[in-house]
Amino acid sequence: MEQYLQAVEEGELPLSPGADGDLSPESPPHPVLDQRQQDRQLLQDLGLLKPAMDRPVLVPVDPETAAAQQERRATQELARAAALRDRWQPLTTAYRSARAWHDETSLARYVEDKEAIGQALQLRLSEPLKLLRTMQPGAPRPPELLKGSIAQELEMRRRGVQRQILYEDRQRHHAPTGHYVRTVTAAGVEVRTVPVLPWDRLFIFDDLVMYPKDGNNDIAVFNREPSVVSFMNRLFEAHWQRAAPFEEQPEELELTAEQRYAVRLLVGGMSVENIAARMGVAVRTVNRLLAEARKALGVHAPAELGWVLRGKFPHGLPADW
């Protein structure tokens with residue numbers, strides 16, 4: 001508001017910040033002047049500055065007058081937005097039809113395309129809600145996605161939404177997930193983990209469940225059938241009761257010396273065949289040892305062993321490995 005106060009004091013401002021300076025049209029861009037021009041344009045958009053009628057300068061406007069103008073514009077925009085839902089109904093029908101949405105009277109509908117699925121989820125999240133439960137197995141979500149989800153989780157808690165999240169144990173070794181969980185649990189979100197979850201994603205709202213169609217993450221089923229919602233809640237509850245709170249470390253099976261040695265060699269870059277030769281055992285024995293180690297560590301794929309162990313032992317593997 002510095003430029004507005006300057007206009008009040010001097011009675012006017014030039015149309016552009018550099019108009020009365022030494023810059024020529026050929027001068028290179030000037031960051032300070034560019035910012036002042038943006039600020040000056042914002043003041044015009046807010047109605048606090050306006051062009052004079054008789055000369056090429058900007059003059060200040062009474063803030064009360066500017067505020068009243070903004071109120072009128074906001075009222076007009078709200079009325080226009082309210083009318084859009086009815087005017088766009090044919091477009092909504094075409095959009096949903098193209099993505100295999102059922103009509104509004106159907107208890108189950110299918111939404112195709114991840115962008116459309118995300119929009120449908122956001123629409124339900126914006127409606128009144130008492131409880132939201134989610135199962136999120138698989139690999140950790142990208143850090144930027146986790147960071148962007150924090151604000152939404154906190155906003156739901158402010159609305160009084162009860163929130164329960166189930167992860168697999170391997171998520172405990174992902175630092176961005178740990179930061180996300182610590183932030184949202186401080187606001188009252190409950191997060192627990194189990195060794196394995198039954199399928200990819202599950203959202204349970206008060207009277208609606210969302211899950212992938214036949215394991216295809218590009219098609220989601222939004223189902224309001226009461227028996228399905230009840231079954232999914234019982235399924236979630238069964239896993240929830242045997243899950244460990246995220247901040248508590250679940251009990252792990254202790255690895256044998258052979259299992260630890262095989263894992264150390266694998267993480268060090270050695271192939272299974274070379275590990276077998278080093279240990280003097282058959283390849284199938286090495287595969288068995290590694291499979292047992294993955295189960296004990298809550299890891300599904302050999303490639304995940306490295307980052308899981310880095311999360312458990314950030315300063316390197318212990319000497320007894």
Side-chain angles (χ1 to χ4, degrees), residues 78 81-138 141-142 144-167 177 180-181 183-185 187-192 197-237 239-240:
L78 283 173
L84 288 179
R85 188 183 295 270
D86 292 335
R87 289 174 53 194
W88 287 354
Q89 186 56 47
L91 304 180
T92 301
T93 301
Y95 178 88
R96 294 182 175 182
S97 211
R99 285 160 177 77
W101 287 48
H102 285 193
D103 62 69
E104 296 299 330
T105 63
S106 176
L107 291 177
R109 67 187 187 193
Y110 301 85
V111 182
E112 186 174 357
D113 178 72
K114 290 181 179 177
E115 182 66 30
I117 293 170
Q119 292 176 16
L121 278 174
Q122 290 303 316
L123 178 62
R124 182 61 188 91
L125 289 171
S126 68
E127 297 171 351
L129 186 62
K130 294 180 180 178
L131 171 65
L132 174 59
R133 291 169 152 177
T134 55
M135 265 187 199
Q136 295 181 320
R141 289 185 290 169
E144 60 275 12
L145 186 58
L146 287 166
K147 185 177 180 181
S149 298
I150 289 176
Q152 186 173 57
E153 293 288 356
L154 299 181
E155 191 274 333
M156 282 193 290
R157 287 298 300 146
R158 284 192 291 270
R159 288 162 48 195
V161 179
Q162 183 183 355
R163 190 73 174 89
Q164 295 178 331
I165 303 173
L166 268 176
Y167 286 132
T177 298
Y180 165 81
V181 170
T183 303
V184 299
T185 52
V189 176
E190 299 177 86
V191 185
R192 298 184 183 182
L197 286 169
W199 60 66
D200 185 45
R201 289 180 86 193
L202 174 65
F203 285 73
I204 307 177
F205 301 90
D206 297 330
D207 58 350
L208 168 74
V209 293
M210 189 284 283
Y211 50 88
K213 180 180 182 295
D214 300 325
N216 183 351
N217 290 324
D218 290 324
I219 304 176
V221 183
F222 286 74
N223 199 327
R224 295 181 182 273
E225 168 59 47
S227 63
V228 174
V229 176
S230 176
F231 171 77
M232 292 299 190
N233 270 298
R234 292 198 304 272
L235 174 69
F236 186 96
E237 192 65 34
H239 285 81
W240 186 258

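Since this is a predicted model, take the numbers as computed values, not measurements.
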**Student:** What verdict does the side-chain contact (heavy atoms from CB on, under 4.5 Å) test give for D218 and K114, after you've listed the backbone C-alpha separation in whole Å, the side-chain angles of each residue and the deciding distance to 0.1 Å?
**Tutor:** CA-CA 5 Å; D218 290 324; K114 290 181 179 177; 3.0 Å; yes
**Student:** For the residue pair Q122 and Q152, establish whether any side-chain heavy-atom pair is separated by less than 4.5 Å.
**Tutor:** yes
**Student:** Just do the side-chain contact (heavy atoms from CB on, under 4.5 Å) check on K147 and E144 with the steps written out, would you?
**Tutor:** CA-CA 5 Å; K147 185 177 180 181; E144 60 275 12; 5.6 Å; no
**Student:** Show your working on salt bridge (charged side-chain N to carboxylate O under 4.0 Å, His left out) between R159 and E155 and close with a plain yes or no.
**Tutor:** CA-CA 6 Å; R159 288 162 48 195; E155 191 274 333; 3.3 Å; yes
**Student:** Do you know the tightest heavy-atom contact between T185 and V181?
**Tutor:**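 Closest approach of T185 to V181: OG1-O, 2.6 Å.
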**Student:** How close do T183 and L154 get, counting heavy atoms only, and between which atoms?
**Tutor:** O-CD2, 4.3 Å
**Student:** Please tell me if the side chains of R124 and F203 come closer than 4.5 Å, counting only heavy atoms from C-beta onward.
**Tutor:**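 Answer no - side chains too far apart.
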**Student:** So V161 and F205, do their side chains get closer than 4.5 Å, heavy atoms only?
**Tutor:** no
**Student:** Which heavy-atom pair separates I165 from Y180 by the least distance, and what is that distance?
**Tutor:**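 In terms of heavy atoms, the two residues are closest at CD1-OH, 3.8 Å.
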**Student:** With rounding to the nearest 0.5 angstrom, report the CG to CZ distance, D207 to R224.
**Tutor:** 5.0 Å
**Student:** Side-chain donor-acceptor contacts of residues 229-236 below 3.5 Å, not counting sequence neighbours, with atom names and distances?
**Tutor:**
from, atom 1, to, atom 2, distance (Å)
S230, OG, R234, NH1, 2.9
N233, OD1, R133, NH1, 2.9
N233, ND2, V229, O, 3.1

**Student:** Hey, what do you get for CZ (R109) to CG (L208), rounding to the nearest 0.5 Å?
**Tutor:**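 With rounding to 0.5 Å, CZ (R109) is 7.5 Å from CG (L208).
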**Student:** When Y110 is tested against each of V221, I117, N223 for side chain to side chain contact (heavy atoms under 4.5 Å, CB included), which residue passes?
**Tutor:** V221
**Student:** If you compare all heavy atoms of L197 against all heavy atoms of P137, which two are closest, and at what distance to 0.1 Å?
**Tutor:** CB-CG, 3.5 Å
**Student:** Using 0.5 Å steps for rounding, measure from the OG1 atom of T134 to the CD atom of E153.
**Tutor:** 7.0 Å
**Student:** Can you measure from CG (L166) to CZ (R192) and round to the nearest 0.5 angstrom?
**Tutor:** 8.0 Å
**Student:** Take atom CZ in R201; do more than 12 heavy atoms of anything else shown fall under 6.0 Å from it?
**Tutor:** no
**Student:** Could you measure the distance from the CZ atom of R141 to the CG atom of L146? Nearest 0.5 Å is fine.
**Tutor:**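 If I round to the nearest 0.5 Å, the distance is 5.0 Å.
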**Student:** May I ask you to test the E190-Q162 pair for a side-chain heavy-atom distance under 4.5 Å?
**Tutor:** yes
**Student:** What is the minimum heavy-atom distance between M210 and A220, and which atoms define it?
**Tutor:**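 In this case the closest contact between M210 and A220 is SD-CB, 3.6 Å.
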**Student:** Do other residues, nucleotides or ligands put more than 12 heavy atoms under 6.0 Å from E115 CD?
**Tutor:** no
**Student:** Kindly compute the distance separating CG (L132) from CZ (R163), expressed to the nearest 0.5 Å.
**Tutor:**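 It comes to 4.0 Å.
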